[in-house]
Colleague: 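Sharing a structure, written as structure tokens. Questions coming.
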Amino acid sequence: MLSQQEIREIRGQFPILAQKVYDKLWVYLDNAATTQKPRQVIRVIENYYTTINANIHRGVHYISRLATTATEYSRERIQRFIHASHPHEIIFTRGTTESINLVASGMTNLIQVEDEIIVSQLEHHSNIVPWQMLCQRTGATLKVIPIDQEGVLQWDIFETLLSEKTKIVAINHISNALGVVNPIRKFIRKAHEYNAWVLIDGAQTPCHIAVDVQELDADFYTFSAHKMYGPTGVGALYGKEILLKKLPPYQGGGEMIKEVTFEKTTYADLPFCFEAGTPHIEGIIAWTAAIDFIEQVGIDQIKTYETQLLNTATEYMNIIDGICLYAHHTPCSGIISFNLADVHPFDVGSILDRLGIAVRTGHHCAQPLMRFLNITGTVRASFAVYNTLEEVEQLYDGILKAKKMLKN
């Protein structure tokens, strides 16, 4: 277990956490939206622009070669971090959303009218809409794994949804709205019995728990740097080599080609055939520093400590009369989602903001889930390794103040 002294040292690596909001020391509990960045990530970005700013892969000059080497080293670091078999199974994208769209777009010519695609009721819009669009293009049918009131995917119904018509199952590893950790290995194994591909939305996962795509046997796994202490605007798609080779290029342009004539274009090999144009070079390179930070602290240490934060927050919440906690009897990671009876979540979030406490309110891009729960949205507090038990107590005090103000 990380000691409070170690947590203070970790917090010291994040300059933004030292600032004040409304004359109060900022309590940042919106980590599911984006995490803050440690100095080592910020330094890499500054170093890139001051020493090796050049376009990559195409240049013969010295600085371009340095930037190219740093970029490809980051690909290798990500491969090792999630235990992929090969670096070329890592495709750089703008984030989880683009990664999912890349796969959904690429499957267009592989899907027929009678085929079926399965998603879950827990999904972020980014793991619903691309599949709806694929169904609209192809005439395929979208099916949904329901959940119970605790946010648990209904396994028995999932089994009935699967058939020889199932082509892909797309589910998240950790729910961005509720924090529920799904038993995805079980779902992957079952889907593979029907020769269906499985795409995992892992946006909320790599900074909370260890990910081993080979152990999971995931066909595709998507995630973003900015939710794991790295820069915004950069993400990755992992795909098994044999499956990536079945997908056509997602975009056309520079870098993803072997040869272009007006009569015909031939495409580059993996991973470059999916990486048209100039990428987010400094973001890719700085992502390595974010992974270094996670590994220096230790992902198991992070998981244990964040579990303590979550358990403490749950204990505090259970003291409050009139509070509704969602999925609090279900294994969760990093997120507590709640409402005060007869109070709009926006109002609670606004008061917490004036108290210097940053949370997220609304439907969290999970409107089908909110409709199932028969609510407009929730207040979501989400934790990172730099949060403290004192901040959890401040959240509790803030909710009590909000309740007193809004109930009068």
Side-chain angles (χ1 to χ4, degrees), residues 1-2 7 10-11 14 17 27-38 81-82 95-96 122-124 126-127 150-152 171-184 200-211 221-230 235 290-291 293-295 297-317 325-338 349 352 357-362 364-366 369 378-396 399:
M1 173 71 74
L2 293 166
I7 297 302
I10 288 170
R11 285 181 66 84
F14 292 81
L17 298 178
V27 177
Y28 183 73
L29 300 176
D30 193 21
N31 295 285
T34 195
T35 50
Q36 300 302 332
K37 321 307 173 192
F81 185 69
I82 65 168
T96 302
L122 274 177
E123 300 310 310
H124 187 284
S126 295
N127 206 24
E150 284 296 321
V152 176
I171 57 175
N172 58 45
H173 199 161
I174 297 176
S175 164
N176 75 295
L178 303 181
V180 172
V181 182
N182 290 315
I184 58 171
I200 302 299
D201 173 356
Q204 297 294 334
T205 309
C207 70
H208 298 296
I209 60 178
V211 174
Y221 198 98
T222 66
F223 53 108
S224 300
H226 75 101
K227 294 182 188 291
M228 50 186 291
Y229 309 106
I291 292 172
F293 167 79
I294 291 171
E295 293 187 338
V297 178
I299 191 65
D300 291 336
Q301 292 265 65
I302 292 172
K303 178 183 177 182
T304 300
Y305 177 67
E306 290 180 347
T307 299
Q308 182 186 19
L309 291 175
L310 187 59
N311 290 343
T312 302
T314 302
E315 290 172 6
Y316 274 125
M317 298 292 185
L325 296 181
Y326 300 97
H328 69 295
H329 295 305
T330 305
C332 289
S333 177
I335 290 171
I336 188 164
S337 209
F338 64 93
L352 291 175
I357 302 168
V359 296
R360 180 72 46 158
T361 67
H364 315 300
C365 293
L369 169 61
T378 71
V379 183
R380 184 188 71 187
S382 50
F383 304 104
V385 70
Y386 44 63
N387 290 125
T388 66
L389 293 171
E390 289 78 14
E391 289 179 323
V392 173
E393 186 173 356
Q394 287 175 267
L395 173 64
Y396 166 71
I399 295 169

Colleague: Which heavy atom of Leu389 sits nearest to which heavy atom of Gln308, and what is that distance?
Modeller: CD1-NE2, 3.8 Å
Colleague: Is there a donor-acceptor pair under 3.5 Å between the side chain of His124 and the backbone N or O of Ser126?
Modeller: yes
Colleague: So which heavy atom on Val359 is nearest to which on Arg380, and how close?
Modeller: CB-O, 3.5 Å
Colleague: Between the side chain of Asn387 and the main-chain N/O of Ala384, is any donor-acceptor distance below 3.5 Å?
Modeller: yes
Colleague: With sequence neighbours excluded, what pairs up with Phe81 under the ring-ring contact (aromatic ring centres under 6.0 Å, His included) test?
Modeller: none
Colleague: Closest approach of Ile302 and Val385, non-hydrogen atoms and distance?
Modeller: CG1-CG2, 3.9 Å
Colleague: Which atom names give the shortest non-hydrogen contact between Asn127 and Glu123, and what distance separates them?
Modeller: ND2-OE1, 2.9 Å
Colleague: Would you say the ring centroid of Phe14 lies under 6.0 angstrom from that of Phe293?
Modeller: yes
Colleague: Identify each donor-acceptor pair in which a side-chain atom of residues 201-209 lies under 3.5 Å from a protein atom, sequence neighbours left out, and give them as a table.
Modeller:
residue, atom, partner, partner atom, Å
Asp201, OD1, Ala203, N, 3.0
Gln204, NE2, Ala32, O, 3.0
His208, ND1, Glu306, OE1, 2.6

Colleague: In chain order, what residues pass the side-chain contact (heavy atoms from CB on, under 4.5 Å) check against Ala327, with sequence neighbours excluded?
Modeller: Leu178, Val180, Thr330, Cys332
Colleague: Tell me the closest heavy-atom pair linking Gly349 and Thr361, and the distance in Å.
Modeller: CA-CG2, 3.7 Å
Colleague: What residues, two or more places apart in sequence or in another chain, satisfy side-chain contact (heavy atoms from CB on, under 4.5 Å) together with Thr35?
Modeller: Asn31, Lys37, Tyr229, Tyr386
Colleague: Roughly how far, to the nearest 0.5 Å, is CD of Gln301 from CG of Leu2?
Modeller: 4.5 Å
Colleague: Partners of Tyr28 by ring-ring contact (aromatic ring centres under 6.0 Å, His included), sequence neighbours excluded?
Modeller: Trp26
Colleague: Could you pull out the closest heavy-atom pair between Ile294 and Met228, with the gap in Å?
Modeller: CD1-O, 3.8 Å
Colleague: Atom CD1 in Ile200, atom CD1 in Ile174: separation rounded to 0.5 Å?
Modeller: 11.5 Å
Colleague: Indicate whether any N or O donor in one side chain lies under 3.5 Å from an N or O acceptor in the other, for Thr96 and Ser224.
Modeller: yes
Colleague: Who are the side-chain contact (heavy atoms from CB on, under 4.5 Å) partners of Thr304, not counting sequence neighbours?
Modeller: Met1
Colleague: So does Ala177 get a backbone contact from the side chain of Ser337, meaning a donor-acceptor N/O pair under 3.5 Å?
Modeller: yes
Colleague: What do the steps show when you test His226 against Thr34 for side-chain hydrogen bond (donor to acceptor under 3.5 Å, both in side chains), and what is the final call?
Modeller: CA-CA 6 Å; His226 75 101; Thr34 195; 2.9 Å; yes
Colleague: What I'd like to find out is whether the side chain of Tyr305 reaches to under 4.5 Å of the side chain of Val297, using heavy atoms alone.
Modeller: no
